[in-house]
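As the structure is a computational prediction, the values presented were derived from the model and not from experiment.
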Amino acid sequence: MREGRSASFYWLAAFFVAFVLFLYGPMIAIVLLSFQGPTGGMTFPMNGVSLHWFGKLWSGGGIVDIKSAFSRSLQLGLVVMALTVVLSTLAGLAFRKKFFGQNLLFYVTVASLIVPSIVTSLGIALQFRIFDDAIKAYAPAFISDEWTTGMGLFSSALGAHLTWTLPFGLLIMFAIFNRFDGRFEEAARDLGATPWQTFRHVVLPIILPSLVGVGLFGFTLSWDEIARSSQTIGEKNTLPLELQALTTTVTTPEIYALGTVTTGVSFLVIGIALASILLLRARQAKQGSDAGKGML
Amino acid sequence: MKGSTLELVKVTKRYGQTTAVDAIDLKVEGGAYCCLLGPSGCGKSTTLRMIAGHEAVTDGDVLLGPHNVTDLPPAQRGTAMMFQSYALFPHLTCVDNVAFSLKMRGIDKETRRAKAMELLDLVAMTPYAERLPAQLSGGQQQRVALARALITEPQILLLDEPLSALDPFLRIKMRAELKRLQKELGITFVHVTHGQDEAMALADLVVVMNQGIIEQAGTPREVFNAPRTAFVARFMGGHNVIDVPQGQIAVRADRLSLTPLEGATALVGSAMPAVVRDVEYQGSFVQVGLEAGQANELAAQISEAAFDAMPLQPGDRVAVSWVEADAHRLSTVA
């Protein structure tokens, strides 16, 4: 054996570069094309460089009401995020104990990931239609006269999104509590903490970083969800549904500008999160460390 | 803080069909340092956890001072536990870890931090008060864990393998510190360990456990010099368990004397013939491994000077003998 790289290193490196290109190439292309000149088209070559399409996006002309679709998606995403975190945490805690029907409940929950999204969506829509018919037929007049549908952003669409985020949330909670050292809870109990105090002051702070992860995951799943939203959304669309509609009607780089803006917002959020973690760590590191010193 | 007497009366723990702790009786005087010693799975940790209240007792009673605490929750027993690898809360600084129990009782921040600083001072950890556990060495973590347990002003401190997470050098240093602290505070310590050297160095009362029962309880000298069973003799180390016509006896390895057997020299008294299997130089003494008949393996410790006067090689034939006073009869049942 000699020092230096083996041939397999170069093969694997080439494969990795191809993978990265495949992963980020489309995004880079869209970001570049969003800076097309005013006369540029939907594809390369670039016809000058400008902020024209961003200006157009900002002024709101041309494209349908993107801003309110954005706000609807944001609201739905935040509600889904909150519910996913709360329900997954409670479920995760429950699954640490043995209870009757535990396995059945687990399989039923996870089955929702296996059933095709569009089928789930159709099922929920059908269920709401039956519910609407029942209301119209049997409810007292003062309800049934006014009733149009129970479907909407925070009923059927919310439910559809939760069928997607909750199983993931539960699986992540399993991983979290698998690593959780039960001795922390015993120590808290030994020091006189009630079960609620143990959860509030010991368990919750320790799993909090993971819960932030569950929340972000829930939000992202909801934010770009199309299939489950498609049949259950009711009359007002979310952002992904609007964008899907736009791809067939819009013929200018304005849609790329929209893509760049939303990507930029995502990067900004991630950047702020990372920066604050680094800041907190740097502040604590000032206290110094003797970790791993066997003689102290 | 003054230590109370701890008494276990027929304490039993069963998990389904298996009995982890089998009706043990034990009395630990107030202010004593007690070590529960035994191999893993012998029931020593379960016993400790039952004293702490983290494990329900199947049968029997745990008495602390004048009180029967069998049915009390951990925090109302007057015990405090130091967990294996300490279980310091990773998100709290040292001072907040120590102040935790006061916070749970709703004591205001000023008071509880001041009290926590006193305890950190007791274990010489004041300069590290604002560090997180991950920024501490093993020995420092142990001191913080001690302070956190002591702030509840317990009558008994329960320690679950407190030294096992430390490097060998530090282990010896920290065990001296534990002993000093126990003497200073005058409270009862119950310390679980599987290291007989640790138990001998620390304990006023050594309790040797095996398969859920107490094989022997006594001072380190009593247990080491006069083991009651073959298990205790083997576990404490430094002993030979020898089959003699009257039953089994234990003889300390440093009390065996070896004389060369040349030709057909007759054996005297209880001496038995053996063949030297290996010779290990151990510094202050020489350890000689011997084979004496059917599966009877013996070890003799001979001073360096005595070995030099009579060097032995593997394969040499020797006569092994001991003074009658050094032979301890072993009972077959505990």
Side-chain angles (χ1 to χ4, degrees), chain A residues 85 89 92-93 96-98 175-215 273 276-296, chain B residues 49 52-55 73-77 79-94 96-106 127-143 145 148-149 151-152 154 158 160 166-171 173-174:
Chain A
V85 169
T89 307
L93 286 170
R96 293 178 78 196
K97 308 196 166 180
K98 294 258 170 287
I176 295 169
F177 280 124
N178 240 339
R179 282 183 310 191
F180 191 84
D181 188 346
R183 268 178 306 203
F184 292 135
E185 286 158 296
E186 273 186 356
R189 200 156 74 107
D190 205 69
L191 295 165
T194 61
W196 167 248
Q197 282 177 320
T198 303
F199 177 74
R200 163 73 187 76
H201 295 288
V202 176
V203 180
L204 192 60
I206 294 176
I207 64 170
L208 193 63
S210 314
L211 289 188
V212 172
V214 172
S276 37
I277 291 170
L278 288 179
L279 195 72
L280 284 177
R281 239 185 239 167
R283 196 196 287 173
Q284 191 59 43
K286 279 207 196 104
Q287 300 289 334
S289 176
D290 289 318
K293 291 191 184 161
M295 305 294 258
L296 286 173
Chain B
R49 292 170 54 77
H54 291 300
E55 201 83 62
Q76 287 171 28
R77 294 186 167 206
T79 59
M81 182 140 166
M82 202 172 100
F83 289 81
Q84 203 174 2
S85 38
Y86 317 128
L88 291 173
F89 304 130
H91 59 293
L92 296 179
T93 59
C94 292
D96 287 333
N97 257 291
V98 177
F100 185 84
S101 69
L102 301 184
K103 186 178 182 184
M104 296 303 106
R105 272 190 264 157
Y128 308 97
E130 296 301 329
R131 283 197 190 177
L132 291 177
Q135 292 169 306
L136 300 177
S137 73
Q140 291 166 343
Q141 287 183 26
Q142 190 193 41
R143 293 206 187 103
R148 184 177 73 172
I151 204 170
T152 60
L158 307 167
D160 191 3
L166 303 177
D167 287 351
F169 170 83
L170 194 56
R171 206 174 290 166
K173 195 174 140 196
M174 290 310 290

Worksheet item: What part of B:Tyr86 lies closer than 4.5 angstrom to a heavy atom of chain A: side chain, backbone, both or neither?
Response: neither
Discussion item. Restricting to non-hydrogen atoms, name the atom on B:Phe89 and the atom on A:Phe184 that form the minimum distance, rounded to 0.1 Å.
Written reply: CE2-O, 3.4 Å
Worksheet item: Which bit of B:Leu102 is near chain A, if near means a heavy-atom gap under 4.5 Å: side chain, backbone, both or neither?
Response: neither
Worksheet entry | Under 3.5 Å donor-acceptor, A:Arg189 side chain and B:Pro74 backbone | no
Worksheet item: Rounded to the nearest 0.5 Å, how far apart are CD of A:Glu186 and CE of B:Met81?
Response: 6.5 Å
Practice prompt. Would you mind checking which part of A:Asp181 comes under 4.5 Å of any heavy atom in chain B, side chain (CB onward), backbone (N, CA, C, O), both or neither?
Written response: neither
Worksheet item: If you round to the nearest 0.5 Å, how far is CG of A:Leu191 from CD1 of B:Ile151?
Response: 9.5 Å
Response to the item:
Output for pair (A:His201 NE2, B:Met104 CE), nearest 0.5 Å, gives 4.0 Å
Worksheet entry | Contacting region of B:His54 [heavy-atom separation from chain A under 4.5 Å] | both
Worksheet item: In terms of heavy-atom pairs under 4.5 Å, which option from B:Gln76, B:Met82, B:Gln84 contacts chain A the most?
Response: B:Gln84
Worksheet item: Contact part of B:Arg77 toward chain A, heavy-atom cut-off under 4.5 Å: side chain, backbone, both or neither?
Response: neither
Item to complete: For each of B:Ala80, B:Ala149, B:Pro90, B:Ala52, tally heavy-atom pairs with chain A at distances under 4.5 Å, and name the one with the top tally.
Response: B:Pro90
Discussion item. To the closest 0.5 Å, what do you measure between NE2 (B:His91) and CD1 (A:Ile207)?
Written reply: 11.0 Å
Fill in: Contacting region of B:Leu136 [heavy-atom separation from chain A under 4.5 Å]
backbone
Practice prompt. Specify which of B:Leu88, B:Thr152, B:Leu92 makes the most heavy-atom pairs with chain A at under 4.5 Å.
Written response: B:Leu88
Discussion item. Taking atom CZ as the centre, does A:Arg96 end up with more than 12 heavy-atom neighbours from other residues, nucleotides or ligands that are less than 6.0 angstrom away?
Written reply: yes
Practice prompt. Looking only at non-hydrogen atoms, find the nearest pair between A:Ser289 and B:Ala134 and report the distance.
Written response: OG-O, 4.2 Å
Discussion item. By the definition side chain to side chain donor-acceptor pair (under 3.5 Å), identify the one residue from B:Gln135, B:Gln141, B:Gln140 that meets it with A:Asp290.
Written reply: B:Gln140
Worksheet entry | Minimum heavy-atom distance B:Ala75-A:Gly192, with the two atoms named | CB-CA, 3.4 Å
Practice prompt. Heavy-atom pairs under 4.5 Å with chain A are the metric here; pick the option from B:Arg143, B:Gln142, B:Arg148, B:Met174 that has the most.
Written response: B:Arg148
Practice prompt. Please determine, among B:Ala87, B:Gly139, B:Pro168, the option with the most heavy-atom pairs under 4.5 Å with chain A.
Written response: B:Ala87
